[in-house]
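These notes are about the structure you will find just below.
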Amino acid sequence: MGDIIAHDPRFNSLIIGHARLETLWTGSRWAEGPAYFPAGRYLVWSDIPNDRLMRFDETDGSVSVFRQPSGNANGNTTDRQGRLVTCEHLHRRVTRTEHDGSISMLADQFEGKRLNSPNDVVVKSDGSIWFTDPTYGIDSDYEGDAARSEIGASFLYRLSPDGDLSVVARDRVQPNGLAFSPDETTLYVVDTGASHRPGLPVTIHSYPVIDDGAALGRPRLLATCPKGYFDGMRCDVHGNIWTSAGQAVFCYAADGVHLGTIEIGEIVANLCFGGIKRNRLYVCAQTSLYGLFLNTRGAA
Ligand code: MG
């Protein structure tokens with residue numbers, strides 16, 4: 001655990017040679033969905049089967065339960081006003097936690113049918129909220145309540161600042177992690193459809209963002225996972241893509257070259273940048289939360 005391997009010389013400028021992977025906390029069943037709050041210097045993440053959101057206080061390293069029950073929360077992010085936006089498997093919805101602590105429901109159905117189980121979410125600079133809706137939260141009772149899909153497919157959605165929900169991609173089997181490039185001209189989307197269709201490659205596709213940021217063009221294959229699954233992703237300021245990949249974190253350049261690997265030692269679900277300089281990579285992997293300082297910063 002903790003081995004850092006460069007596959008391309010460009011990776012050496014992104015890491016700190018003597019920085020080590022730190023285990024910050026252990027005790028979850030399936031850690032997911034980290035989101036960092038700079039104003040409070042804390043990280044919120046999900047422990048999906050244990051139905052709770054956790055909180056890591058960066059000032060003293062302490063960990064506490066942020067919210068329980070959490071509706072089997074999965075992906076989390078912060079919006080432009082610093083509010084928590086959450087995907088909930090159990091209630092099959094996306095919510096926002098307001099500054100006063102109340103929870104607002106943002107989306108739970110499309111064309112009169114319940115969503116499957118929103119998985120991961122990003123907020124664009126125009127305030128629109130983009131999320132994926134695979135079936136993992138309704139496939140069993142472990143991460144939500146088992147149920148059939150009312151929609152019958154797993155789409156990628158965009159919720160406009162006015163609250164209009166539209167499908168922006170129908171061509172993925174199980175869309176999962178997603179991230180915008182720093183200039184927001186590209187959206188990267190993971191497809192983990194292999195979980196339901198064995199033999200299908202686990203992929204990252206890059207979609208051009210078109211129509212004034214309201215739609216997506218034709219995707220291009222960026223990367224295929226050599227072992228295990230991709231899941232959550234984030235971009236750094238240089239446009240590199242940091243993603244979970246089996247029991248490791250992979251870093252890809254925007255041209256799709258695999259720059260480097262950080263071995264974690266258990267299945268990695270998601271990651272995000274934090275710290276007051278946004279140069280600390282937080283990694284959620286099954287039982288534990290990890291941290292690693294990098295020589296790059298997360299895209300704003
Ligand atoms: Mg996910």
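Order of listing sets the numbers, starting from 1, for every ligand and every atom in it.
With the Mg ion (ligand 1) as vertex, Asn119 OD1 and Asn176 OD1 subtend 80°, rounded to 10°.
Shown are Asn76, Thr97, Thr77, Asn74; of these, the side-chain hydrogen bond (donor to acceptor under 3.5 Å, both in side chains) with Thr86 is made only by Asn76.
For Asp212, the CG atom is loosely surrounded, since the number of other residues' heavy atoms within 6.0 Å does not exceed 12.
The Mg ion (ligand 1) has no N, O or S atom of Asn74 under 2.8 Å away, backbone or side chain. Here Tyr136 fails the criterion, with no N, O or S atom under 2.8 Å of the Mg ion (ligand 1).
A continuous path of hydrophobic side-chain contacts links Tyr36 to Leu24 [ILVMFWY only; heavy atoms under 4.5 Å]. Following chains of ILVMFWY side-chain contacts shorter than 4.5 Å, one can reach Val167 starting from Leu159, so the two form part of one hydrophobic cluster.
The N, O or S atom of Asp231 with the smallest distance to the Mg ion (ligand 1) is OD1.
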